Structure formats: structure tokens, C-alpha cells
Amino acid sequence: MRRSFGLLVTTMAATVMAGPVSAQTLKVVMHSDLKILDPIWSGAYIVRQHGYMVYDTLFAIDATFAPRPQMAEGHTVSADGLIYTIKLRDGLAWHDGTPVTAEDCVASLKRWAVRDSMGQKLAQATAEWKVIDAKTIAIVLKEPFGAVIESIAKPSVVTPFMMPKRIAETDPFKQFDEVVGSGPFMFKRDEWKPGDKVVYVKNPNYKPRPEPASWLAGGKIAKVDRVEWLYMPDAQTSVNALVNGEIDLIENVSHDLLPVLTKDANIKIARQPVVNQYQFRMNWLHPPFNKVKLRRAAMLALNQGDMLEATIGNKDYFRTCKALFTCGGPYETAAGTEGLMQGDTAKAAEMVKAAGYDGSTVVLLEPTDLPVLKNLGAVMKVQLEKAGFKVDLQVSDWQTMATRLGAKRGPITDGGWSAFTTSWQQLDITDPMLNPYLASTCDKARPGWPCDEEMEKIRDRFTREVDPAKRTAIAEDAQRHAWKIVTHVPAGEWYGASARRASVSFAEPLAPFLVFWGLEKK
């Protein structure tokens with residue numbers, strides 16, 4: 001869509017940017033507004049990134065995907081492989097000044113393990129989360145589990161962030177609203193205005209690790225005093241503000257505006273290093289997608305190419321890919337993909353009729369404030385209607401939609417939903433254990449709530465297996481079974497792009513998503 005570059009910055013943007021800008025204040029337009037503060041309760045990426053601002057983790061992955069000690073000083077494993085002992089490093093303190101203790105960490109791990117698919121598998125294999133002393137914890141296993149450290153170093157949704165015991169003991173299925181972390185920045189609740197801005201300030205008492213930062217690991221050194229996340233849902237408004245020097249950085253630029261920005265010598269563009277996968281997620285609890293035949297019909301009707309053209313448009317930033325665990329990932333395979341996700345609406349219509357579809361409305365949710373998702377639902381609606389489904393596309397901002405997904409499990413007459421559009425980064429979905437939408441643990445699964453015993457057996461086999469060739473075969477089994485039961489539908493892959501003023505520099509190597517340690521403003 002062509003836009004006039006001469007559009008004036010809106011009154012909101014002008015108001016936000018008014019006044020002198022400190023050299024140590026970084027003004028950023030993030031991909032979404034922040035309305036939820038609990039990164040264990042919500043799987044939204046904006047909440048994950050809020051988590052990385054204020055919390056820290058026991059272990060973290062570096063640029064080689066290797067888990068490294070973060071809050072931990074290190075760990076040991078018993079000779080039988082059943083006891084993992086983790087010692088905290090010195091100098092760790094919460095933002096309220098109290099020391100970080102082993103009790104805090106155990107409580108945090110327990111809460112995380114209820115909500116996360118990897119955490120659930122680790123918990124099943126764990127006999128006890130044990131406090132040894134104030135700085136030492138032990139994970140005592142019932143049976144061998146080869147990915148203990150990899151699990152608690154999980155980089156993304158749901159990230160096992162550490163928090164004080166009193167907060168971590170909140171019911172995992174209820175949100176907390178008290179934000180006390182131990183990370184490099186502190187949340188300024190008194191300046192938080194949902195729909196306007198979020199403010200973080202440098203934690204003066206943070207003790208970074210001595211080694212250089214690498215992705216999410218290493219020394220997280222805050223080099224600016226204050227970070228402001230500004231909510232500008234209009235892509236053109238944020239671009240105008242960047243060009244005019246009123247903001248410093250846009251996390252995700254609308255792809256159709258990249259040609260304008262590349263012509264400006266004061267703007268630097270960076271293609272994000274990790275690919276994303278669009279997904280169509282259906283609700284197993286209520287008609288019509290409580291029937292597997294109708295889920296399979298919907299999968300057959302969707303066309304990746306059409307969706308990518310409508311949402312991204314720039315071929316340098318997207319590709320079709322039917323691999324459940326992403327193209328280029330360690331478990332990429334074409335197994336079972338023949339004929340799928342290429343828009344066979346005629347065959348899909350035959351399947352819909354044969355399945356006895358009763359005309360139940362498909363309430364399809366789509367966020368309006370994320371440019372990369374904004375047109376996805378509209379294209380899906382057309383494709384599903386060609387297959388014979390009755391579709392009601394309902395739009396809202398991303399955070400409102402994310403809240404509705406978890407809170408509304410009832411039928412559509414009670415505010416429920418049938419399906420939604422979303423996107424996951426590659427690092428979240430590269431294997432059967434990691435992939436959150438593959439988890440088919442019924443009411444413990446993520447919204448959509450797939451329930452399938454065979455899928456869980458496959459995931460358990462993958463978790464226990466240590467032989468790489470056998471793990472590859474199990475991953476293929478998982479993909480074939482996913483196509484049979486349809487936990488979700490991959491809808492193509494895309495790369496994001498950030499834009500920043502030339503005065504702003506990132507830490508290298510570029511992290512898989514925007515982080516704020518090592519980021520400088522001249």
C-alpha cells in the first residue's frame with residue numbers, strides 16, 4: 001500500500017516527543033503496547049521482552065545456542081545423572097534491595113514449570129526441587145532427563161525468569177501485578193500508561209557477569225539511563241518520528257516502508273537474524289474445530305503464498321515453508337506435507353461437507369496494531385469461506401487479544417473464540433519439546449488446548465532420547481502426527497527489520513530479538 005511520506009506526525013506522537021531529550025534516554029517504538037506484566041502467564045513477545053528488561057535467568061543461551069551460566073555461578077551433575085546442583089553467583093539482589101535466594105529460584109522454577117511445555121516435561125521427570133542453602137538449589141530427578149540445563153536456559157516463551165518467592169508463589173493461572181526483578185533495568189510503574197508508554201530506568205545495583213554479552217548471555221551492561229517504550233500503532237507515524245529524530249529506534253518496521261528509510265543516510269536498517277513462522281491456531285474445545293476433520297479441512301484450504309504476499313510483500317523478507325520446525329532448523333523435514341497449505345479450497349470444501357459441518361461460526365481473532373499480522377486474518381477468512389466455513393473476523397489490539405485468548409475458554413456466545421493468527425520466532429519452535437503449540441496436554445496446553453495422548457508420547461520419546469539420528473526420526477514422527485491431529489498450521493516464514501537513528505548502535509552479535517543491554521546512544 002502506498003503511503004504519502006509527507007504525512008504529519010499525529011498529535012499523540014508530538015505530545016510524547018515534546019521537550020528536550022537526554023543523551024541517556026532512549027525512545028523506542030516497540031511492536032506492541034504492554035498491558036500484561038506477568039511473563040509466565042502470557043506468551044506475548046512484548047511481555048517476554050518486558051521480562052528481559054527487569055528479570056534475569058539462571059542460565060541463558062549465547063550466539064552459538066549454547067546455554068551459559070547467568071545468575072548461576074555454575075552447576076554439577078551427580079554420577080548417576082539424577083541430581084543437578086546449581087549455585088548462585090555472588091552479588092545478586094532484587095530491585096527492592098533484598099538478596100536473591102535459592103528459595104526464590106525454586107519457587108520461580110515451580111511456577112514456570114506449570115505453564116511452559118518444556119517445564120512440564122522437566123517437572124514430570126523431577127522428584128524434588130530442593131533448597132540446599134541460601135545460594136544453592138538441586139533438581140533431583142526421578143529418571144534421566146537430558147535437557148535439564150537447556151530447559152531452564154529456555155530463551156523465549158515461556159522464559160524461566162527468576163523473581164522473589166512471594167511473587168513466584170502466585171497461582172500460575174492468575175496474573176501478578178507486582179514487578180520486582182533483579183535484571184539490568186527497573187520498571188517505573190508510576191510512569192506506566194497502557195496505550196501510551198512504558199518506562200524503565202537503569203538498575204544502579206545490577207552486577208553484570210564479567211564476560212562480554214553474547215545474545216542473551218554474558219555481561220548485561222545497561223549503557224543508557226532510561227528507556228521509554230512508546231505506543232504508536234500507525235506505522236507511518238512512527239517512521240516520520242524516526243526520520244525527524246523524535247524517536248531513536250523502531251523495533252519492527254512495516255516492510256512496505258523500508259524503501260523510504262533506506263534512502264535516508266541518518267537511518268540504519270537491520271534485518272533480524274532469526275526467521276519467524278506465521279501460524280493459524282484453532283480451538284479444540286468448541287465447534288467447529290473440536291472436530292479433527294474440520295481442522296484438517298481448514299489446513300488444506302490455507303495458502304501460504306497468498307498470506308505472505310498480503311502481509312510482507314517484499315520477497316527479500318519472506319518464504320513459503322511447510323516444515324513444522326521451520327526451514328533451516330535442525331529438524332526441517334517435508335514429511336507428510338504433500339498437498340498441504342497451498343490453498344486447495346475445492347478439496348477442502350468436499351471435506352467440510354463430508355464432516356457434517358453445521359454452519360457453526362468461526363470467530364477468527366486478529367490484532368490490528370501489529371503490521372506483520374494485520375492482513376493475515378483477512379486472507380485466511382477468504383480462504384476458509386471458499387472452503388465453506390462461516391467466518392466472523394474480529395479485530396482488536398494485540399494485548400487485548402492475548403488477554404482474551406487465555407481468559408475466554410467458553411463458547412463464542414460467552415465471548416469465546418474459534419481460531420487466531422499469530423507468529424513465533426524460530427528459536428521457540430525448532431523441536432518437538434520446545435514448540436509450545438505442539439504440546440497437547442489438554443487444559444495445561446496453551447490457548448487452543450489440544451489434547452492428544454499419542455503426541456505427548458512422541459514428545460516424551462524425544463525428551464529421553466540422546467542419539468541425534470533417533471531424535472531426528474522422532475521429530476519427523478511428531479510432524480506427521482501433527483498433520484493428522486492439527487495442533488496448528490504453519491502459514492509461511494518471514495524476517496523482521498528494525499530501523500534506528502545512526503546515533504544508536506547495537507551490541508554484536510545481534511540478538512534474536514531486541515534487547516537493551518549493550519545498546520548505546522551517542
Side-chain angles (χ1 to χ4, degrees), residues 24 26 39 48-77 84-106 108-109 112 132-139 147-156 159-164 168 179-187 200-225 227 273-274 427 505-521:
Q24 296 300 313
L26 193 77
R48 172 201 64 187
Q49 284 164 274
H50 160 74
Y52 272 106
M53 293 293 284
V54 298
Y55 302 107
D56 215 340
T57 56
L58 291 174
F59 293 80
I61 63 164
D62 65 13
T64 70
F65 285 91
R68 302 295 183 194
Q70 192 61 30
M71 294 174 73
E73 181 180 288
H75 79 285
T76 60
V77 185
Y84 284 70
T85 303
I86 301 168
K87 188 175 182 61
L88 298 175
R89 61 188 176 95
D90 294 333
L92 300 178
W94 301 116
H95 293 159
D96 61 10
T98 59
V100 174
T101 69
E103 283 191 341
D104 297 319
C105 297
V106 165
S108 297
L109 288 172
W112 161 77
I132 304 298
D133 57 40
K135 292 180 59 179
T136 311
I137 69 174
I139 300 174
V148 172
I149 300 302
E150 288 81 355
S151 296
I152 60 177
K154 189 179 181 186
S156 192
T159 306
F161 293 116
M162 298 296 103
M163 49 195 68
V179 180
V180 179
S182 65
F185 292 92
M186 299 185 294
F187 175 64
Y200 304 91
V201 295
K202 181 178 179 178
N203 176 9
N205 299 316
Y206 183 71
K207 183 180 179 181
R209 294 191 64 85
E211 65 267 25
S214 176
W215 274 21
L216 307 175
K220 299 179 178 180
I221 299 175
K223 296 186 176 182
V224 293
D225 298 316
V227 178
V274 177
L427 75 168
S505 61
F506 290 134
E508 296 290 346
L510 197 64
F513 48 82
L514 182 60
V515 297
F516 289 85
W517 51 85
L519 197 155
E520 293 188 85
K521 179 180 176 181

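Along the sequence shown, residues carry numbers from 1. Treat the numbers as computed from the prediction; the structure is a model and nothing was measured.
Looking only at distances, a side-chain donor or acceptor of Arg89 sits under 3.5 Å from a matching main-chain atom of Gln70. Distance alone, capped at 3.5 Å, places no donor-acceptor pair between the Asn203 side chain and the Met186 backbone.
Put simply, the side chain of Ser151 reaches to within 4.5 Å of the side chain of Trp112, judged on heavy atoms. At a threshold of 4.5 Å between non-hydrogen side-chain atoms, the residues Trp215 and Val515 do not count as touching.
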**Study point:** Full working for salt bridge (Lys or Arg N to Asp or Glu O under 4.0 Å) between Glu520 and Lys223
**Key:** CA-CA 6 Å; Glu520 293 188 85; Lys223 296 186 176 182; 3.7 Å; yes
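Here the closest non-hydrogen pair linking Ala213 and Gly219 is CB-O, 3.3 Å. Between Val180 and Met163, the shortest heavy-atom distance links the atoms O-CB, 4.2 Å. The shortest heavy-atom contact between Asp133 and Ala102 is O-CB, 3.2 Å. Residues Trp517 and Ala507 come closest through the heavy atom pair O-CB, 4.2 Å. Shown here for Lys202 and Pro204, the closest heavy-atom pair between the two residues is O-CD, 3.1 Å.
Expressed to the nearest 0.5 Å, how far CZ of Arg209 lies from CD1 of Ile221 amounts to 12.5 Å. Expressed to the nearest 0.5 Å, how far CD1 of Ile149 lies from CD1 of Ile86 amounts to 4.5 Å. Here NE2 of His75 is found 15.0 Å from NZ of Lys87. Values are rounded to the nearest 0.5 Å.
Under the side chain to side chain contact (heavy atoms under 4.5 Å, CB included) rule, Tyr84 has a single partner from Val77, Ile152, Thr76, Ile137, which is Val77.
For His50 and Phe187, the gap between ring centers is short of 6.0 Å. A distance of 6.0 Å or more separates the ring centres of Tyr52 and Phe185.
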